[in-house]
Visitor: 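Can you keep this structure in mind? I'll have questions shortly.
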Amino acid sequence: MRKVIRVFLIVLLIVFVVIQFFQPEKNSSDDSSNHFLQRQQVPPDVENLLTNACLDCHSNQTRYVWYNKIAPVSWMVNSHIEEGKKELNFSEWGNTSTLDKIVMLEQICREVERKKMPLKSYQFMHPKAKLSDDQIEKLCAFTTRLSEELLAAEED
């Protein structure tokens with residue numbers, strides 16, 4: 001029985017080492033010309049909030065930490081980033097129509113109000129990403145104001 005456990009652990013260790021060679025491509029781009037923070041006037045407190053709670057998964061510039069280098073965690077993180085960018089990619093803001101921007105802004109507020117975003121798993125590893133009720137209120141006030149500004153500019 002001991003021998004079986006030992007063999008099992010050795011095989012497990014070998015598999016763990018081998019999967020480290022199969023890492024996903026990093027989500028990093030130097031192009032920020034269409035980024036939300038470049039295209040919109042964002043108050044510093046809202047910018048800080050977005051940076052801490054949203055941009056790692058919803059932009060082309062993820063800040064990676066140590067555990068992102070370990071498979072299979074790196075695969076899970078990459079999957080979250082890909083899903084997040086499909087829903088909302090702040091790096092592509094400049095290429096988005098005004099109507100889509102307004103819809104996205106409304107969705108941002110709705111998701112944080114329902115506490116669906118940021119993901120609990122992300123908050124666990126990034127305590128600064130946990131949004132207080134006051135921060136949610138500030139973010140929603142900002143998204144509502146920006147939606148109104150975009151709509152008014154579209155009507156002109």
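Side chains included, hydrogens not; waters and symmetry mates left out as well; all remaining heavy atoms used.
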Visitor: Mind running side-chain contact (heavy atoms from CB on, under 4.5 Å) on K115 and I136 for me, showing each step along the way?
Guide: CA-CA 9 Å; K115 301 198 184 239; I136 291 170; 4.0 Å; yes
Visitor: Kindly give the heavy-atom pair with the smallest separation between Q20 and I70, and that separation in Å.
Guide: OE1-CA, 3.5 Å
Visitor: For a side-chain contact (heavy atoms from CB on, under 4.5 Å) check, start with the C-alpha distance between C54 and M117, then their side-chain angles and the critical distance, and finish with the verdict.
Guide: CA-CA 8 Å; C54 308; M117 285 288 139; over 6 Å; no
Visitor: Hey, any chance V4 and I14 share a hydrophobic cluster, counting ILVMFWY side chains that come within less than 4.5 Å of each other, even indirectly?
Guide: no
Visitor: Which heavy atom of P24 sits nearest a heavy atom of W75, and at what distance?
Guide: CD-CD1, 3.6 Å
Visitor: Angle class for the H35/F90 ring planes (parallel below 30°, perpendicular above 60°, tilted otherwise)?
Guide: parallel
Visitor: What is the distance from atom CG of L151 to atom CG of L146, rounded to the nearest 0.5 Å?
Guide: 11.0 Å
Visitor: Between T143 and R110, is a side-chain contact (heavy atoms from CB on, under 4.5 Å) present by the stated rule, with each step listed?
Guide: CA-CA 10 Å; T143 59; R110 187 172 43 248; over 6 Å; no
Visitor: In terms of side-chain heavy atoms, does S147 have a donor or acceptor partner in E106 at a distance below 3.5 Å?
Guide: no
Visitor: Of all the heavy-atom pairs spanning Q61 and S91, show the shortest one and how long it is.
Guide: OE1-OG, 3.1 Å
Visitor: With a 4.5 Å cut-off on side-chain heavy atoms, are S121 and H80 touching?
Guide: yes
Visitor: Check whether the side chains of N34 and Q38 place a donor and an acceptor atom closer than 3.5 Å, and report yes or no.
Guide: no
Visitor: Can you give me the closest heavy-atom contact between E113 and C140, atom names plus distance?
Guide: CG-SG, 3.7 Å
Visitor: How about OH on Y67, more than 12 heavy atoms from neighbouring residues, nucleotides or ligands closer than 6.0 Å, or not?
Guide: yes
Visitor: Any chance NZ of K69 has more than 12 other-residue heavy atoms, nucleotides or ligands included, within less than 6.0 Å?
Guide: no
Visitor: I would like to know whether N78 and N27 meet side chain to side chain donor-acceptor pair (under 3.5 Å); could you show each step before the answer?
Guide: CA-CA 8 Å; N78 188 61; N27 181 44; over 6 Å; no
Visitor: Distance from T62 atom OG1 to N68 atom CG, nearest 0.5 Å?
Guide: 8.5 Å
Visitor: Report yes if some heavy atom in the side chain of L88 is under 4.5 Å from a heavy atom in the side chain of Q107; otherwise report no.
Guide: no
Visitor: Check for me, please, whether L9 and V18 land in the same ILVMFWY cluster - side-chain distances under 4.5 Å, paths through other members count.
Guide: no
Visitor: With rounding to the nearest 0.5 Å, note down the distance linking CD in E137 to CG in L131.
Guide: 13.0 Å
Visitor: Does Q23 CD have over 12 foreign heavy atoms under 6.0 Å away?
Guide: yes
Visitor: When clusters are formed by joining ILVMFWY residues with side-chain heavy atoms under 4.5 Å apart, either directly or through shared neighbours, do Y64 and W66 land in the same one?
Guide: yes
Visitor: Can you name the closest pair of heavy atoms from R145 and P43 and give their distance?
Guide: NH2-CG, 4.0 Å
Visitor: What's the separation between atom CG in L119 and atom CE in M125, rounded to the nearest 0.5 Å?
Guide: 14.0 Å
Visitor: Could you verify whether a donor N or O on one side chain and an acceptor N or O on the other, from S79 and E83, lie under 3.5 Å apart?
Guide: yes
Visitor: Can you see which heavy atom on A53 is nearest to which on A129, and at what distance?
Guide: CB-O, 3.6 Å
Visitor: Got more than 12 heavy atoms from elsewhere within 6.0 Å of NZ, K130?
Guide: no
Visitor: Measure the spacing between CD1 of I81 and OH of Y122 and express it to the nearest 0.5 Å.
Guide: 9.0 Å
Visitor: Do you reckon V15 sits in the same ILVMFWY cluster as V7, going by side-chain contacts under 4.5 Å, direct or chained?
Guide: yes
Visitor: Taking atom CG of N89 and atom CG of L55, what is their separation to the nearest 0.5 Å?
Guide: 9.5 Å
Visitor: Quick check: do R63 and T51 have side-chain heavy atoms less than 4.5 Å from each other?
Guide: yes
Visitor: Between R6 and I10, is the side-chain contact (heavy atoms from CB on, under 4.5 Å) condition met? List the steps.
Guide: CA-CA 6 Å; R6 182 181 293 164; I10 291 171; 4.0 Å; yes
